[in-house]
There are 2 protein chains.
Amino acid sequence: MARLRRLVLERLMRYYRFLTESSAMKGAETVTSAQIAEALDIDPTQVRKDFGAIDLLGMGRVGFDVCEVCRSIRVVLAFDDHIEAVLIGAGHLGSALLAYKNFERYGMRITAAFDSDKRRIGQRVAGLTVQSTRGLKPYVKKQRIRLAILTTPMEVSQAVADRLISVGVEAIWNFSPTQLTVPDSVLVRNEHISLGLAELSYHLQR
Amino acid sequence: MARLRRLVLERLMRYYRFLTESSAMKGAETVTSAQIAEALDIDPTQVRKDFGAIDLLGMGRVGFDVCEVCRSIRVVLAFDDHIEAVLIGAGHLGSALLAYKNFERYGMRITAAFDSDKRRIGQRVAGLTVQSTRGLKPYVKKQRIRLAILTTPMEVSQAVADRLISVGVEAIWNFSPTQLTVPDSVLVRNEHISLGLAELSYHLQR
DNA sequence: TAGATTGTTAATCGATTAACAATC
DNA sequence: TAGATTGTTAATCGATTAACAATC
């Protein structure tokens with residue numbers, strides 16, 4: 001199977017969520033590309049192409065088997081791998097992510113939260129005790145953590161990323177509005193929320 | 001000026017943030033497309049094309065005037081328009097957004113927060129008192145609110161969106177992981193955070 | 001069989017990158 | 001002037017959509 005591109009992966013996630021969570025799919029055993037496309041506002045051909053890319057075959061006149069599709073997506077997106085992650089920056093956004101227990105459904109669990117602010121260290125957030133960033137490197141190394149979630153102020157993000165990478169972190173989910181510089185082997189996924197503001201503001205302009 | 005596409009708008013926002021917030025730009029009066037491209041990891045031609053699209057002219061051998069670029073982007077992205085927004089769903093993510101005061105820098109201000117949960121109504125979050133969603137429609141109508149931020153559980157998002165649109169909301173910043181169905185005249189900007197998980201999980205797979 | 005749906009190729013569309021003359 | 005940088009056209013690349021024979 002060829003390496004899948006980002007947009008394909010995102011669509012696979014959307015298909016999966018639709019098939020597992022939408023009330024429209026309650027009890028259905030099969031689903032057509034047209035149904036999925038309609039619900040997610042994309043082209044039916046796109047759906048079939050994406051399914052083809054992960055070697056999923058449909059049935060003429062019937063569509064796709066819901067369970068088979070879900071199973072295949074789980075495998076491709078590695079939802080059963082149980083990735084452990086650390087979160088750095090236990091501010092408002094960080095706390096919101098810690099509280100978002102749904103991540104476990106996709107195989108990701110945040111096992112520790114760090115902050116450098118004395119007022120936050122020791123506090124309990126969503127069942128975890130916020131630790132001092134002094135303990136970050138030893139923890140990541142000892143637990144062989146591969147994924148880090150960055151909800152730090154932008155001034156410190158690059159420095160924190162460097163430290164994480166030096167002890168083996170392979171992927172960073174970056175919520176701070178900074179462009180991180182990392183080695184090619186490390187994946188950075190940026191969630192720059194404020195970019196949305198540009199589109200909204202432009203559109204609302206008189 | 002032709003209608004700008006989403007990716008262009010997002011890049012304009014990144015240019016603006018780089019020019020106004022990066023320490024690399026401290027005190028600089030001019031900037032070259034190569035400098036910006038290097039910092040944001042994009043192609044220099046892209047930067048010049050984007051600037052060209054908003055009628056910004058550079059100077060041969062010197063580059064672009066930083067102030068002029070910033071001013072132009074502010075105008076194009078309407079940062080001085082002072083858009084008022086309501087937020088619906090004062091949970092963890094909603095509270096994080098309410099606390100994120102930086103939005104005002106880009107002309108957006110959240111003036112009211114609503115929730116349907118009795119335990120949240122009346123609580124103060126980031127200087128605002130959470131109101132019952134019963135008051136949502138009257139408030140939006142009276143204050144002529146055009147932008148709504150949706151941080152509701154996915155089951156109720158469509159219903160809330162319908163109500164918002166019925167009283168004049170023109171754009172929705174959707175943080176709930178649902179595909180909303182809206183009239184063509186309404187802009188929906190989706191921030192489906194969990195899509196990132198697909199890419200990260202796929203990449204970390206052994 | 002008849003008809004709905006798939007799987008796949010070809011056509012279109014849009015975004016990115018390369019090349020280079022024009023400019024200051 | 002010489003040289004760095006722009007502005008723009010052309011080439012490339014990738015993603016989306018249309019078309020349609022194959023299938024169940």
Side-chain angles (χ1 to χ4, degrees), chain A residues 1-15 18-19 24-25 28-69 72-73 76 179 190 195 198-199 202, chain B residues 1-15 18-19 24-25 28-69 72-73 76 179 190 195 198-199 202:
Chain A
M1 198 187 301
R3 214 184 140 56
L4 302 173
R5 313 198 147 258
R6 188 158 68 89
L7 291 175
V8 177
L9 297 171
E10 292 190 359
R11 281 195 302 266
L12 290 176
M13 182 66 154
R14 295 178 66 203
Y15 302 151
F18 171 68
L19 295 175
M25 289 306 300
E29 285 183 8
T30 61
V31 65
T32 67
S33 59
Q35 278 177 279
I36 298 177
E38 158 83 30
L40 303 181
D41 197 25
I42 56 185
D43 193 278
T45 310
Q46 188 71 271
V47 178
R48 299 201 291 277
K49 266 246 175 94
D50 291 337
F51 284 179
I54 60 171
D55 301 330
L56 260 172
L57 290 180
M59 301 164 281
R61 228 174 66 79
V62 180
F64 296 82
D65 181 278
V66 173
C67 291
E68 197 189 330
V69 172
S72 289
I73 296 180
V76 169
Q179 181 72 26
N190 293 307
L195 295 186
E199 189 186 2
Y202 178 77
Chain B
M1 197 187 303
R3 214 183 142 57
L4 302 173
R5 313 197 147 257
R6 188 157 68 89
L7 291 174
V8 177
L9 296 172
E10 292 190 0
R11 282 195 301 268
L12 289 176
M13 181 66 152
R14 294 178 68 203
Y15 302 150
F18 171 68
L19 294 176
M25 289 306 300
E29 284 183 11
T30 60
V31 65
T32 67
S33 59
Q35 277 177 280
I36 298 177
E38 159 83 32
L40 303 182
D41 197 25
I42 55 185
D43 194 278
T45 310
Q46 188 71 271
V47 178
R48 299 202 292 278
K49 266 244 173 94
D50 291 337
F51 285 179
I54 59 171
D55 301 331
L56 260 172
L57 290 181
M59 301 164 281
R61 226 174 67 78
V62 181
F64 295 81
D65 181 279
V66 173
C67 291
E68 196 189 330
V69 172
S72 289
I73 296 180
V76 169
Q179 181 71 28
N190 292 306
L195 295 186
E199 188 185 4
Y202 178 77

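The chains referred to below are lettered A, B, ... by the order of the sequence lines, with proteins before strands, and numbering in each begins at 1.
- The distance between atom CD of Glu68(B) and atom P of dT6(D), rounded to the nearest whole Å, is 13 Å.
- In this structure, Arg6(B) pairs ionically with Glu10(B), as a charged nitrogen and a carboxylate oxygen lie closer than 4.0 Å.
- Residue Gln46(B) contributes atom CD, which lies 5 Å from atom P of dT16(C) at whole-angstrom precision.
- Asp43(B) has its CG atom 14 Å from the P atom of dC13(D), to the nearest Å.
- At a threshold of 4.0 angstrom between heavy atoms, the contacts of Thr45(A) include nucleobase atoms, whether or not backbone atoms are also involved.
- Here the C1' atom of nucleotide dT6(C) and the CG atom of Asp50(A) are 15 Å apart, to the nearest Å.
- Residue-level contact check: Ile42(B) touches neither bases nor backbone, having no heavy atom under 4.0 Å from any strand.
- Base-pair partner of dC20(D): dG7(C) (Watson-Crick or G-U wobble, both distances under 3.5 Å).
- Where Leu56(A) and Gly60(B) meet DNA chain C, the nucleotide closest to each residue was compared, and Leu56(A) sits on the side nearer the 5' end.
- Within the 4.0 angstrom heavy-atom criterion, no nucleotide atom of any strand lies near Gly52(B).
- Closest non-hydrogen pair, Leu57(B) versus Phe64(B), comes out as C-CE2, 3.9 Å.
- Contact annotation: Arg5(A) side-chain N/O to dA15(D) OP1/OP2 distance is under 4.0 Å.
- The OH atom of Tyr15(A) lies 11.0 Å from the CG atom of Leu56(A); values are rounded to the nearest 0.5 Å.
- Nucleic acid contact class of Phe64(B) (heavy atoms, under 4.0 Å, all strands): sugar-phosphate only.
- A distance-only check finds a donor-acceptor pair linking the side chain of Tyr202(A) to the backbone of Leu4(B) [under 3.5 Å].
- Between the CZ atom of Arg11(A) and the P atom of dA15(D) there is a distance of 8 Å, rounded to whole Å.
- Side-chain to base pairing of Lys49(B) with dT6(D): no donor and acceptor N or O lie closer than 3.5 Å to each other.
- Between Met59(A) atom CE and dA4(C) atom C1' there is a gap of 13 Å when expressed in whole angstrom units.
- Atoms CG and CD, from Asn190(A) and Gln179(A) in turn, are 6.0 Å apart once rounded to the nearest 0.5 Å.
- Listed candidates were dG7(D), dT17(D), dT16(C). Nearest to the side chain of Leu57(B) is dG7(D).
- As a whole-Å value, the separation of Phe51(B) CZ from dT6(D) P is 9 Å.
- Residue Arg48(A) has a polar side-chain atom (N or O) positioned under 4.0 Å from OP1 or OP2 of dT6(C).
- Distance Ile54(B) CD1 to dG7(D) P: 12 Å, rounded to the nearest Å.
- To the nearest 0.5 Å, atoms CZ (Phe18(A)) and CD (Gln35(A)) are separated by 6.5 Å.
- Contact annotation for Arg6(B): no contact, since no heavy-atom pair falls under 4.0 Å across all strands.
- A 3.5 Å limit on both hydrogen-bonding distances identifies dT12(D) as the Watson-Crick or G-U partner of dA15(C).
- Looking at heavy-atom distances under 4.0 Å, Gly63(A) makes contact with sugar-phosphate atoms alone, never a base.
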